[in-house]
Amino acid sequence: MFSASLFILAACIGDLDPDGGWAAPVVSGDHVYLGAKDGRVTRLDLNDNGRYDAAWGFPAPGVDTLGPIYGTPRVDDDRVLGAAYDCDGLDCSATVFGVSTETGQELWRFERQTQVVGAVAIAGDIVLFGTAQIDDEFDNDPGPGLPGADGYLYALDISNPATPTVSWRFATTDSVWGTPVVSDEVVYFGDLDGVFHAVSLGGESGNAGDELWRFHAEGAIVAAPLILNGKIYFGDLSDNFYALDIETREAAGPGSNPPGTGEWSFTSDGWFWATPLVYENTLFVGTLNGKFYALNPDTGAEIWANPGEVIGQIVGRAAVITERNGGDAVAVPSGKDNIAVFNLTNGNELNGFATDGGVKASLLVDDGFLYAHTTDDQVIKFNTADRNRLSCIEAETGAAC
Amino acid sequence: MSAFFSRRMMIIIGVAVIAIAVFKFDLFVIGPMVNSLVFLDKILFSNFGLAIIFFTVTVRLLMIPLTIMQTRNMRKMSALQPRMKAMQARYKDHPDGRRIQSAETMKMYKSAGVSPIGCLGPMVLQMPIWFGLYRAIFRAVPATPEGTANLSTVIYAWNPAASDVPLGSMFIGMDLVDLVQNAPAPFNFALPILVGASMWAQQKISAMPSMDERSAQTNQMMLWLMPIMFGFFTFQFPAGLAVYILFSNLIGVAITAVISGPGALLGTRFGTSAATAAAAVEAGVAVTEDEDKGEIIDGTATVLGEDSRRSDRQRARSARRKPRRRRSRRR
């Protein structure tokens with residue numbers, strides 16, 4: 001019996017395989033770009049009523065894909081930048097890539113034996129991304145980090161696309177799953193050890209790769225921070241949400257963890273994974289247990305919160321939509337079916353958007369339309385005013401749902 | 001009556017456990033296990049390997065009553081085997097043999113206080129625990145973003161170790177979430193061998209001898225086949241699962257050895273008439289030559305022609321008489 005049960009267990013082992021489907025649609029010019037679960041980047045043509053652009057895609061049809069994409073692709077000038085990874089057990093292989101928006105052809109790629117979960121950030125010709133531990137240490141990866149660190153922030157110089165080179169890398173004490181965010185020559189990111197880092201990109205802020213300051217949160221940090229009006233907003237996996245003051249932190253320098261001016265923290269009863277949204281002096285953020293909060297961004301005081309059982313895990317960022325009457329509302333993606341919509345001022349639940357699966361990707365609102373990438377790898381386009389579903393396609397193939 | 005209640009209770013508990021397993025597995029099984037593992041990790045020097053071992057051993061120790069129940073039932077069934085075989089031989093050519101055999105078997109079980117569910121029940125009860133422990137290990141140390149997000153649904157906010165997740169998964173140089181084949185030497189080949197060897201020992205010590213030659217051959221084949229197969233499968237298991245199986249087997253061997261004596265590993269527990277008789281006496285089964293008009297020689301029975309139904313009636317009568325005697329003594 002024991003043996004039989006173990007046979008069943010053996011058949012159930014699939015927990016090591018990444019799934020993806022968390023990448024949000026992103027609009028640039030006349031196209032909406034998608035990072036599909038299988039590692040393919042595809043796009044919709046807004047000039048053709050949002051039809052799937054079959055002539056454009058990376059990798060090209062018939063070529064092996066790169067593994068699930070979690071981070072939202074970033075469109076910068078005439079290139080799409082992204083990252084994907086796949087694993088055999090914990091033997092993971094990650095690829096960071098640049099693709100031409102014109103042709104869909106690969107411009108460059110950078111591979112390491114690791115996980116890259118978050119999206120990439122860009123600062124000029126430097127592409128920044130977080131990694132887990134690198135399985136095979138490469139001698140040509142320079143930087144201040146000790147070999148064999150548990151995680152890194154990589155700064156990749158792509159000024160010569162033919163040979164992307166590691167400009168520097170910053171070692172951390174645990175994996176970096178969150179998306180780094182760049183502001184004023186500084187890159188901000190958190191790691192799974194619960195440390196939030198501010199690292200210089202060079203210039204007036206200091207030497208590139210030098211840590212300017214760090215903050216020890218109570219739990220692991222996977223959320224991409226939001227930087228607004230000199231403050232950094234992010235949550236952790238220990239039910240806490242923080243607002244840090246950049247100026248005070250920079251003045252205090254590295255190695256310290258002082259309370260900055262006007263800083264606050266808010267304690268919920270769920271983990272924070274989603275990036276917050278600030279709209280009309282209200283901060284909106286959701287938790288993994290389905291609570292969605294409206295907070296005062298200056299004090300952290302709760303303005304309203306929905307009952308947690310209304311929606312599932314909130315992983316993606318909410319979006320503000322315009323109602324038929326011209327008023328605004330906030331749409332919240334969640335791991336359960338349907339996208340919830342709340343009144344901005346009092347949190348009353350309004351009619352939502354009907355999806356066939358959960359939505360863990362952030363929502364894209366553009367020109368009166370809402371685009372949602374579901375965990376079933378479908379991209380659904382809605383009219384925000386009347387919530388009508390206008391189209392639905394499979395992200396990998398472009399086939400109608 | 002007490003046997004009836006225990007059987008009924010077993011069925012009720014079994015059904016309840018299965019219902020829980022199916023409908024509220026996360027709430028009642030995975031949640032407590034994951035939180036225990038996370039807490040143990042914190043107090044055991046942030047070492048998830050030690051947490052797995054400690055938790056596995058504790059769970060197996062808590063299941064000792066079930067193991068004892070199962071072992072006793074197996075002993076009783078083993079002691080009944082000579083009579084069963086004799087009865088089967090007696091009705092082999094009877095036109096209504098199957099029905100009579102079935103009825104006689106149930107009578108024998110009833111008179112000996114043996115419950116077929118008593119053997120199966122503990123195993124069924126343990127299934128959700130095994131499965132839950134396996135799931136809990138991988139829920140506690142997720143390797144993917146989905147796993148980490150889902151961990152939030154089972155971690156209790158009041159768990160003092162809640163802020164420590166996600167936990168580190170390194171243990172004596174190997175990653176417990178990674179496949180055994182990717183583990184550094186010597187773990188990559190030592191773990192499969194140890195898992196196979198411990199499984200062999202576990203099967204050997206808890207095996208019930210069969211009177212039927214074909215069944216005995218099958219048992220003997222499975223005794224070797226399963227451990228060898230599992231040894232190979234272990235290469236594809238995450239190391240944490242291999243550690244769990246290894247220590248589960250080792251503690252299982254130890255518990256069975258304490259309950260039944262270590263002789264089973266040497267093949268001397270159930271295989272002889274003396275052992276069978278001793279087991280029968282211990283199990284409270286009155287298997288005597290006088291009652292059955294048969295004799296037991298080297299674990300096989302020779303029937304001398306008396307109707308076993310009569311002996312069942314005699315046994316039932318004597319069982320009824322015993323309490324009366326006790327009461328009269330008190331007076």
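Per chain, numbering begins at 1; letters A, B, ... match sequence-line order. Every value quoted in this text rests on a predicted model; they were computed, and no experiment measured them.
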### Heavy atoms from other residues, nucleotides or ligands near CZ of B/Phe39 exceed 12 (cutoff 6.0 Å)
no
### Query
Under a 4.5 Å heavy-atom cut-off, does chain B meet the side chain of A/Asp19, its backbone, both or neither?
both
### Summary
Comparing B/Thr148, B/Val165, B/Asp164 against chain A, the one with the most heavy-atom pairs below 4.5 Å turns out to be B/Thr148
### Query
Are B/Glu146 and A/Thr375 close enough that some pair of their side-chain heavy atoms sits under 4.5 Å apart?
no
### Query
Do the non-hydrogen side-chain atoms of A/Gln313 and B/Thr153 ever get within less than 4.5 Å of each other?
yes
### Side chain to side chain, B/Pro166 and A/Leu237, heavy atoms closer than 4.5 Å
yes
#### Entry: B/Pro145 side chain reached by A/Trp273 side chain, heavy atoms, under 4.5 Å
yes
### Gap separating the CD1 atom of B/Ile155 from the CG atom of A/Asp239, nearest 0.5 angstrom
10.5 Å
### Query
Counting heavy-atom pairs under 4.5 Å to chain A, which of B/Gly147, B/Ala149, B/Ala162, B/Ala157 comes out on top?
B/Ala149
### Query
To the nearest 0.5 Å, what is the distance between CH2 (A/Trp271) and OG (B/Ser163)?
10.0 Å
### Query
Which bit of B/Leu151 comes within less than 4.5 Å of chain A, counting heavy atoms only: side chain, backbone, both or neither?
both
### Query
Is it the case that more than 12 heavy atoms not belonging to B/Phe232 sit under 6.0 Å from its CZ atom?
no
